[in-house]
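The structure under discussion appears below in the form of structure tokens.
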Amino acid sequence: MTYAFTIEPPEYYALDNEPELMAKCQEWGLISAKATKLKTFYYKGNGLNLPCNILGFVDHMTAVIELDNGQKHCIHPSYLKEMQASGYSTRGLSGAGAETGTEQGYTAQVPDSDETSAKDNSPAELVDPEDDMDGLDSFSELKGDPDGLVEEYMGPQAGSNADVTSETKPKTKAAPKTKAVKIDLPEGKVKMSGVVKEFTTVPNHFSDNDDEVIIYESVTIMEPDVIEVGEAWSSHSATMKKQELEVGDVLTFEAKIIKKKLTRNPVPYKINNPSKIQKED
């Protein structure tokens with residue numbers, strides 16, 4: 001039997017071992033902090049009550065589960081937590097399948113034609129020897145995405161053992177999301193400038209250590225045409241460490257810039273192999 005409501009993850013981080021899976025389930029509140037083993041989880045949406053396995057996550061707002069027929073499905077962790085309540089009921093939703101993306105008028109996101117689609121549970125990209133790392137593309141933009149890739153968390157449901165008030169609280173309408181302006185990035189190396197905003201780390205699934213990265217703000221392509229990019233990131237490679245950078249440093253350099261999101265961060269562009277780096281006084 002195939003379930004039409006499922007939202008297949010385009011790519012996700014698999015939780016392959018039990019300690020890692022238990023830690024994530026504790027983070028989501030699916031098991032207690034004192035739990036020593038996993039329990040059976042259930043998917044109770046769309047009028048169903050099925051045992052399911054937690055395979056991993058797309059980002060901290062999107063869990064990936066596997067249903068009894070092997071289909072993978074994206075779901076909000078808090079929504080999955082509500083389903084574990086013994087008294088959980090879908091009453092109060094508009095129809096048996098109200099929580100599915102198609103019933104809400106959502107459609108699955110189609111990747112850009114110039115980007116390679118990833119298979120389910122595909123490994124992360126291989127390490128770039130020139131630039132230290134290329135992590136998994138971030139899917140944190142799925143949070144609140146009008147394209148509806150993530151199953152919407154409806155809050156505590158009628159009949160659940162979650163705390164509820166006698167009166168239904170009015171829903172707060174979210175502010176409209178501003179759509180990012182598409183930038184036509186030049187090919188090859190260009191002269192750029194940017195300001196060091198933050199130093200951070202992201203997971204490297206091929207190493208026991210996280211990879212160090214730099215996040216820049218006010219990034220501008222200076223030549224051949226002036227293009228305001230905004231935020232971008234690069235590896236904190238040995239070349240960059242020689243500059244002894246600090247937050248607030250203004251840099252000019254030559255580099256190639258590509259469209260590639262930083263893992264678990266909403267930074268959309270990556271700076272590759274910066275050279276001729278100059279730090280303004």
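Here the structure is a predicted model, which means the values were calculated and not measured. As a basis for the values below, the full set of heavy atoms in this structure was taken, side chains included, without hydrogen atoms, waters or symmetry mates.
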Find out whether Asn273 and Thr239 are in side-chain contact, i.e. whether some heavy atom of one side chain is under 4.5 Å from a heavy atom of the other. no
Within a strict 4.5 Å, meaning less than it, do heavy atoms of the Val229 and Thr220 side chains meet? no
Is there a path of hydrophobic side-chain contacts, each under 4.5 Å between heavy atoms, that joins Tyr42 and Ile75? no
What residues, two or more places apart in sequence or in another chain, satisfy side chain to side chain donor-acceptor pair (under 3.5 Å) together with Ser275? Lys189
Apply side-chain contact (heavy atoms from CB on, under 4.5 Å) to the pair Val267 and Tyr216, showing each step before the final yes or no. CA-CA 9 Å; Val267 182; Tyr216 307 86; over 6 Å; no
Quick one: pull up CD1 in Ile258 and CG in Asn272 and give me the separation to the nearest 0.5 Å. 4.5 Å
Please report the shortest heavy-atom distance between Gly56 and Trp28, naming the atom on each side. O-CH2, 3.9 Å
With rounding to the nearest 0.5 angstrom, report the CG to CD1 distance, Leu185 to Ile227. 7.0 Å
Under 6.0 Å from the ring centre and within 45 degrees of the ring axis: does the NZ or CZ of Lys191 meet both conditions for the six-membered ring of Phe253? no
Going by an N to O cut-off under 4.0 Å, is there a salt bridge joining Glu254 and Lys276? yes
Asn69 CG to Thr6 OG1 distance, which is reported to the nearest 0.5 Å: 7.5 Å
To the nearest 0.5 Å, atom CG of Asp184 lies from atom NZ of Lys259 at 10.5 Å
Hey, could you give me each pair passing salt bridge (charged side-chain N to carboxylate O under 4.0 Å, His left out) that has a residue in residues 226-244? Not counting sequence neighbours. Lys197-Glu231, Glu212-Lys241
From Asp68 CG over to Glu66 CD, what is the distance, rounded to the nearest 0.5 angstrom? 9.5 Å
Evaluate the side-chain proximity of Leu30 to Pro77: yes if any heavy-atom separation is below 4.5 Å, no if none is. no
Do the side chain of Lys44 and the main chain of Met83 share a donor and acceptor less than 3.5 angstrom apart? yes
Ignoring hydrogens and geometry, is there a side-chain-to-backbone donor-acceptor pair from His73 to Ile7 under 3.5 Å? yes
Which atom of Ile271 lies closest to which atom of Ser234, heavy atoms considered: O-CB, 3.4 Å
Please check if atom CD in Glu198 has more than 12 non-hydrogen atoms from other residues, nucleotides or ligands closer than 6.0 Å. yes
Taking every non-hydrogen atom, the tightest pair across Met240 and Pro274: SD-CG, 3.6 Å
Linking Ile, Leu, Val, Met, Phe, Trp and Tyr through side-chain heavy atoms less than 4.5 Å apart, which residues share a cluster with Val195? Val250
Applying side-chain contact (heavy atoms from CB on, under 4.5 Å) to Leu55 and Leu15, what does each step give before you reach the verdict? CA-CA 6 Å; Leu55 299 182; Leu15 297 169; over 6 Å; no
Give me the one residue out of Lys24, Arg264, Glu20 that meets side-chain hydrogen bond (donor to acceptor under 3.5 Å, both in side chains) with Tyr13. Glu20
Atom of Lys279, atom of Leu245 and distance for their closest heavy-atom approach: CD-CD2, 4.0 Å
Does the Gln84 side chain pair with the main chain of Leu80, one donor and one acceptor, at a distance under 3.5 Å? yes
Taking side chain as C-beta onward, heavy atoms only, is Gln278 less than 4.5 Å from Leu251? no
Heavy atoms, side chains only, cut-off 4.5 Å: are Ile221 and Ile183 in contact? no
Quick check: do Val190 and Met222 have side-chain heavy atoms less than 4.5 Å from each other? no
Between atom CD1 of Ile277 and atom CG of Asp249, what is the distance when rounded to the nearest 0.5 Å? 12.0 Å
Chi angles and distances behind the side-chain contact (heavy atoms from CB on, under 4.5 Å) call for Phe199, Val247: CA-CA 8 Å; Phe199 299 94; Val247 172; 4.0 Å; yes
Could you walk me through whether Ile54 and Cys25 satisfy the side-chain contact (heavy atoms from CB on, under 4.5 Å) test, starting with their C-alpha distance in whole Å, then the side-chain angles of each, then the deciding distance to 0.1 Å, before giving a yes or no? CA-CA 9 Å; Ile54 298 176; Cys25 288; 3.7 Å; yes
Give me the atom names and distance for the closest heavy-atom approach of Met22 to Ala35. CE-O, 3.3 Å
Heavy-atom side-chain contact between Thr62 and His76 under 4.5 Å: no
Counting C-beta onward and ignoring hydrogens, is there a side-chain heavy-atom pair between Trp233 and Asn265 closer than 4.5 Å? no
is_close_aromatic(Phe5, Tyr43), centroid dist under 6.0 Å: yes
Any idea which heavy atoms bring Pro9 and Lys72 closest together, and the distance? CD-CB, 3.7 Å
